[in-house]
Structures are given as C-alpha cells and as structure tokens.
Amino acid sequence: MMRTRHTTTTLEDQRIPVRAKLAAAWTSFMFLYVYVDILAFFKPGVIDDILVGVVWEFDISQTLLIAFLALLAIPILMVVLSMTLPARANRITNLIVASVQIPFAAFNAVGESWTYFYGLGVTLEVIVLALILRYAWTWPRTVGDHGDQPGP
C-alpha cells in the first residue's frame, strides 16, 4: 500500500483595510435594515394598512416617504463615504453616524407586538454598528500629519 504525503499549508490571511471593513459592515447593516422592513410585510394587517394609505400610525404621503428615504440614505451613503473619505474624516464620520444609528435602531422596536422578530433585528443591527464603532475607533495610525498620511 502506498502512502501519499499530505503537506499542510497555512492559508494566507491578508490584512483587510479598515475602509473595506467599514464598507462591508455598512452593507451588512443595510441588508438587515431593509430585510427587517421587507419581512415585516408578512405580519398580518400590514399590507392591508398600506393599501388604505397608512404605515404604522402615519398617513402615507410624499413627506413621509421622503423622510423614510432620507433615513435610509444615511447608511447607504456610509458605504461610499467609508471607501472615499480621508482617514481622519472617515473615522470621525463613522463614529458619529454609527453612534446615532444605535438608538435609532432600538427605537424601531419600541411598541412593537412582535418582540422576538424586532428584537432579533435590532440586536443584529446593533452588533454590526458596534463592529463599525470598533473598526473606526481602532483605526491603525501611522506617524505623519494627523494620522491621515505617512510621513515624508
């Protein structure tokens, strides 16, 4: 019987840039954010309310939809901003926006009767936002002007 020799190799573990981590985390957050809303359409009565022009307790209007779009645009734009802003502005923007999004995410579950569904959604969103805060807070520093650029 012949024996074959198995060589073990270590998988290459490339360092992921902070910008890519942040953009990926904001993208994941967006999927959670949108799918919680989409899956909520399956709750009994939600579609019936929409068909008569009501979302939660609000009459559906252009103003309401503009407000929803503006709120949704914030994390959408963070995907792009995380990849394009200079490091210092990027870090500060991510820290501020993720911090503001945490109470906003929690507010979405207030008063909901489906506490397990919304609780899970909020929990997952907060976990991703905590990752964003961690990535931004621990942004690697280089010796240079304000940590944004390497020295001369």
Side-chain angles (χ1 to χ4, degrees), residues 11-150:
L11 296 174
E12 184 178 355
D13 194 11
Q14 296 179 343
R15 186 172 176 180
I16 300 169
V18 176
R19 294 174 194 275
K21 289 179 182 179
L22 289 167
W26 280 112
T27 302
S28 297
F29 176 79
M30 282 306 310
F31 276 112
L32 285 167
Y33 192 86
V34 169
Y35 272 99
V36 166
D37 287 346
I38 291 170
L39 292 172
F41 289 145
F42 292 97
K43 283 177 36 184
V46 170
I47 299 294
D48 294 334
D49 286 347
I50 291 170
L51 291 174
V52 296
V54 176
V55 174
W56 297 302
E57 302 296 321
F58 303 106
D59 290 335
I60 297 173
S61 66
Q62 185 169 217
T63 303
L64 181 68
L65 295 182
I66 288 170
F68 287 171
L69 182 58
L71 292 172
L72 194 58
I74 295 167
I76 289 170
L77 292 174
M78 286 307 297
V79 175
V80 174
L81 293 175
S82 293
M83 291 300 290
T84 59
L85 284 175
R88 185 176 177 84
N90 202 331
R91 180 176 186 262
I92 292 167
T93 302
N94 272 281
L95 289 170
I96 291 169
V97 174
S99 296
V100 169
Q101 287 292 118
I102 289 174
F104 179 73
F107 174 76
N108 286 330
V110 172
E112 286 294 340
S113 60
W114 288 38
T115 53
Y116 295 128
F117 171 73
Y118 286 105
L120 178 59
V122 167
T123 300
L124 294 172
E125 288 175 9
V126 168
I127 288 169
V128 174
L129 290 166
L131 281 174
I132 291 167
L133 289 170
R134 182 175 184 271
Y135 295 149
W137 187 258
T138 61
W139 194 297
R141 298 185 182 271
T142 60
V143 178
D145 297 339
H146 309 292
D148 288 343
Q149 303 165 2

Show every donor-acceptor pair shorter than 3.5 Å between a side-chain atom in residues 92-102 and any protein atom, with sequence neighbours excluded, or say none if there are none.
unit_1: T93; atom_1: OG1; unit_2: A89; atom_2: O; d: 2.7
unit_1: N94; atom_1: OD1; unit_2: W26; atom_2: NE1; d: 2.6
unit_1: N94; atom_1: OD1; unit_2: S82; atom_2: OG; d: 3.4
unit_1: N94; atom_1: ND2; unit_2: S82; atom_2: OG; d: 3.4
unit_1: N94; atom_1: ND2; unit_2: N90; atom_2: O; d: 3.0
unit_1: N94; atom_1: ND2; unit_2: N90; atom_2: OD1; d: 2.7
unit_1: S99; atom_1: OG; unit_2: L95; atom_2: O; d: 2.6

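- Residue pairs meeting the ring-ring contact (aromatic ring centres under 6.0 Å, His included) criterion with at least one member in residues 94-121, sequence neighbours excluded, do not occur.
- Annotation: L51, atom CG; neighbour count of heavy atoms from other residues, nucleotides and ligands within 6.0 Å is above 12.
- Note that the CD atom of E125 and the CE atom of M30 stand 9.5 Å from one another [nearest 0.5 Å].
- Atom CZ of R91 and atom CG of L85 lie 14.0 Å apart (nearest 0.5 Å).
- Each of L124, V122, T123 was compared with V126 under the side chain to side chain contact (heavy atoms under 4.5 Å, CB included) criterion, and only V122 meets it.
- Qualifying side-chain contact (heavy atoms from CB on, under 4.5 Å) partners for T27, counting only residues two or more places apart in sequence or in other chains: F31, V79.
- Note that the CZ atom of F41 and the CD1 atom of I47 stand 5.5 Å from one another [nearest 0.5 Å].
- Interatomic distance, L120 CG to T115 OG1, rounded to the nearest 0.5 Å: 11.0 Å.
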Hey, mind stepping through V54 and D59 against side-chain contact (heavy atoms from CB on, under 4.5 Å) and telling me if it holds?
CA-CA 5 Å; V54 176; D59 290 335; 4.0 Å; yes
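- Inter-residue side-chain proximity for Y135 and I16 is flagged as unmet; no heavy-atom pair is nearer than 4.5 Å.
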Distance-only check: which donor-acceptor pairs under 3.5 Å involve side-chain atoms of residues 63-77, not counting sequence neighbours?
none

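- Applying the salt bridge (charged side-chain N to carboxylate O under 4.0 Å, His left out) test to pairs two or more places apart or on separate chains, none has a residue in residues 11-32.
- Listed by chain and number, the residues in a side-chain hydrogen bond (donor to acceptor under 3.5 Å, both in side chains) with E57 amount to none (sequence neighbours excluded).
- Shortest non-hydrogen contact noted between A25 and I132 is CB-CG1, 3.4 Å.
- For residues 37-46, every residue pair satisfying the salt bridge (charged side-chain N to carboxylate O under 4.0 Å, His left out) rule, not counting sequence neighbours, is listed here: K43-E112.
- Under the rule for a side-chain contact (heavy atoms from CB on, under 4.5 Å), A130 has no partner lying at least two apart in sequence or in another chain.
- Partners of F42 under the side-chain contact (heavy atoms from CB on, under 4.5 Å) rule, at least two apart in sequence or in another chain, are L39.
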